[in-house]
Asks: 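Handing you this structure, nothing more for now.
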Amino acid sequence: MQEPFSMAIRTRFAPSPTGFLHVGGARTALFCWLQARKEAGTFILRIEDTDLERSTEASVEAILQGMAWLGLQEDEGPYYQSQRFERYTEVLEQLRSQGLAYPCTCSKERLEALRAEQMAAGLKPRYDGRCRDREVLDEGVAPVMRFRNPTDGEVVFHDQVRGPVRFANEELDDLVIARPDGSPTYNFCVVVDDMDMEISLVIRGDDHINNTPRQINIYHALGATPPDFAHVPMILGEDGARLSKRHGAVSVLQYRELGYLPHALLNYLVRLGWSHGDQEVFTREEMIELFDIEAVNRKAAAFDHEKLKWLNQHWMKTLPPEEVAVELQPQLERLGLDPAQGPPLEDLISVQAERVQTLVELVEASRWCFEDFEDFDVGAAKKHLRPVAAEPLQALRERLQALDDWTPEALDVAVKAVVAELEIGFGKLAQPLRVALTGAGMSPSIDQTLWLVGKGRSLERMERALAFIAARAAQA
RNA sequence: GUCCCCAUCGUCUAGAGGCCUAGGACCCCAGCCUUUCACGCUGGUAACGGGGGUUCGAAUCCCCCUGGGGACGCCA
């Protein structure tokens with residue numbers, strides 16, 4: 001429990017670099033970050049790479065990149081457990097000298113057999129403590145170190161999302177805290193680190209809830225006060241099953257590639273398991289102000305891409321275009337278009353954002369702004385590039401040629417003037433023009449389309465469409 | 001198998017005994033707007049898993065069942 005005079009909170013996000021940063025981890029990181037920001041505390045990033053076998057440099061990079069992309073900036077770190085082995089060894093010695101840890105030479109085979117036996121007998125598999133008080137250990141076997149867990153009583157703690165939690169020590173066993181080569185294991189390192197780094201609130205996935213009583217016992221053995229805990233529920237796949245590689249994009253960086261805005265993902269994630277009345281849309285500032293870890297649900301939530309898309313569109317429309325452009329530019333390049341060959345990205349975003357849900361869709365719906373199209377869409381050309389369209393197109397082309405003020409407003413006036421002059425319906429000019437400019441029958445409003453294509457290119461493309469109509473007429 | 005947790009529309013959620021003929025959002029459907037595509041607007045379909053209690057009264061409290069999830073590593 002927090003003392004009234006205690007210092008500002010310190011939270012940490014502690015991923016293990018055995019893969020990329022997935023959405024579940026990202027949400028945990030977000031919650032840690034938000035709670036720290038909200039209480040003017042400190043957010044710490046720690047890489048849990050004690051398992052040297054499975055940790056990779058590439059994963060560390062991916063996690064750091066993911067965090068950076070989301071804008072979850074740490075105040076301290078990143079710390080690496082692999083660089084703290086000396087400290088763990090020191091604490092290990094301390095425990096051992098106090099008799100709170102002991103060496104164990106039980107073979108993996110024996111342990112496996114024991115487990116199988118217990119399961120068969122309808123019991124919960126636990127270490128039976130054979131080496132706990134043994135004077136003489138087996139020869140020639142490098143021992144692991146086990147923590148001497150209390151055998152009776154119970155561990156009680158108040159979880160900020162789960163409420164009161166209690167575990168009987170009888171359910172626990174003497175866990176391994178160091179491998180035969182002396183390298184420490186997770187449950188031990190976490191405690192030493194959280195203690196040394198003075199973490200005051202541990203926010204993590206609820207798959208760790210069962211580790212908590214063991215860790216609390218280690219805190220006590222070390223004479224330290226455990227931090228507060230908050231175990232947040234997991235995120236499920238769209239089918240309600242546990243999220244895995246099978247459910248499509250799981251890495252945060254894959255969402256970037258799919259064309260999502262980091263803020264849209266954050267907004268989506270913050271609403272998973274947490275809410276503030278009926279509010280769906282949150283700015284960064286609102287999240288910080290309104291978020292409260294104690295208001296988080298206890299129920300696992302399924303990930304819904306449709307809602308993410310809706311939020312993504314919302315933020316593409318809402319965020320300052322310059323900000324969206326930062327994400328759009330690399331997408332254009334990645335998809336083979338040269339940003340220099342098209343309109344200013346801010347202009348493009350301002351007209352296209354409401355027509356697409358991702359940046360990838362935005363790029364695909366805007367190719368005509370950056371490069372000439374090969375052929376007219378057959379259906380659209382057949383329907384709209386007919387002889388009857390020649391006169392309006394020609395009339396507009398002449399008018400536009402003389403137009404210097406190439407703005408949506410002026411273009412709209414020009415188009416309407418031609419329509420009025422020829423006494424035709426707006427669509428009689430707009431649709432053929434649309435096909436002429438983009439090659440297809442779908443695009444933003446016609447004035448905006450002209451605007452984005454630009455004067456030189458618009459005149460060229462109208463000329464091309466006129467030639468197409470003429471050729472077609474000659475053929476008939 | 002053992003221990004722990006969870007349970008409101010398809011999905012995310014509001015709801016902390018009467019304000020609930022259960023609200024919002026995404027999705028879906030219909031209409032309006034309209035030069036295409038969209039946006040927007042209006043309306044609609046759709047839920048308290050089941051059974052027992054407690055209470056004048058339960059989505060809200062208790063129990064059982066069912067269903068889902070997690071944990072049980074010399075992984076984190």
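Per chain, numbering begins at 1; letters A, B, ... match sequence-line order.
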Asks: Dump every N/O contact between nucleotides 11-17 of chain B and the protein below 3.5 Å, one line per pair.
Replies:
from: B:C12; atom 1: OP1; to: A:A302; atom 2: N; distance (Å): 2.9
from: B:C12; atom 1: O2'; to: A:R271; atom 2: O; distance (Å): 2.9
from: B:C12; atom 1: O2; to: A:K307; atom 2: NZ; distance (Å): 3.3
from: B:U13; atom 1: OP1; to: A:G273; atom 2: N; distance (Å): 2.3
from: B:U13; atom 1: O3'; to: A:S275; atom 2: OG; distance (Å): 3.2
from: B:A14; atom 1: OP1; to: A:S275; atom 2: OG; distance (Å): 3.1

Asks: Mind running a 4.0 Å heavy-atom check of residues 174-182 of chain A against RNA chain B and sending the residues that fall below it, in number order?
Replies: A:V176, A:R179, A:P180
Asks: With sequence neighbours left out, what residues match A:Q394 under side chain to side chain contact (heavy atoms under 4.5 Å, CB included)?
Replies: A:E398, A:L466
Asks: Mind running a 4.0 Å heavy-atom check of residues 49-61 of chain A against RNA chain B and sending the residues that fall below it, in number order?
Replies: A:T50, A:D51, A:R54
Asks: Tell me, please, which residues at least two apart from A:Y260 pass ring pair (Phe, Tyr, Trp, His ring centres under 6.0 Å).
Replies: A:Y255
Asks: Scan nucleotides 61-64 of chain B against the protein and return all N/O pairs shorter than 3.5 Å with their distances rounded to 0.1 Å.
Replies:
none

Asks: Can you sort out the partners of A:E280 under side chain to side chain contact (heavy atoms under 4.5 Å, CB included), two or more places apart, ordered by chain and number?
Replies: A:R271, A:K307, A:W310
Asks: A:R464: which residues meet the side chain to side chain contact (heavy atoms under 4.5 Å, CB included) condition with it, sequence neighbours left out?
Replies: A:F373, A:F376
Asks: For A:H208, check ring pair (Phe, Tyr, Trp, His ring centres under 6.0 Å) against everything at least two apart and list the hits.
Replies: A:Y186
Asks: Going by the rule side chain to side chain contact (heavy atoms under 4.5 Å, CB included), which residues pair with A:E361 if we only count those two or more places apart in sequence or in a different chain?
Replies: A:V356, A:Q357, A:T358
Asks: Provide, to the nearest angstrom, the distance between the CG atom belonging to A:L450 and the C1' atom belonging to B:U36.
Replies: 14 Å
Asks: Can you list the residues that meet the ring pair (Phe, Tyr, Trp, His ring centres under 6.0 Å) rule with A:F31, with sequence neighbours excluded?
Replies: A:F291
Asks: So, using ring pair (Phe, Tyr, Trp, His ring centres under 6.0 Å) as the criterion, who are the partners of A:H384 when residues are at least two apart?
Replies: none
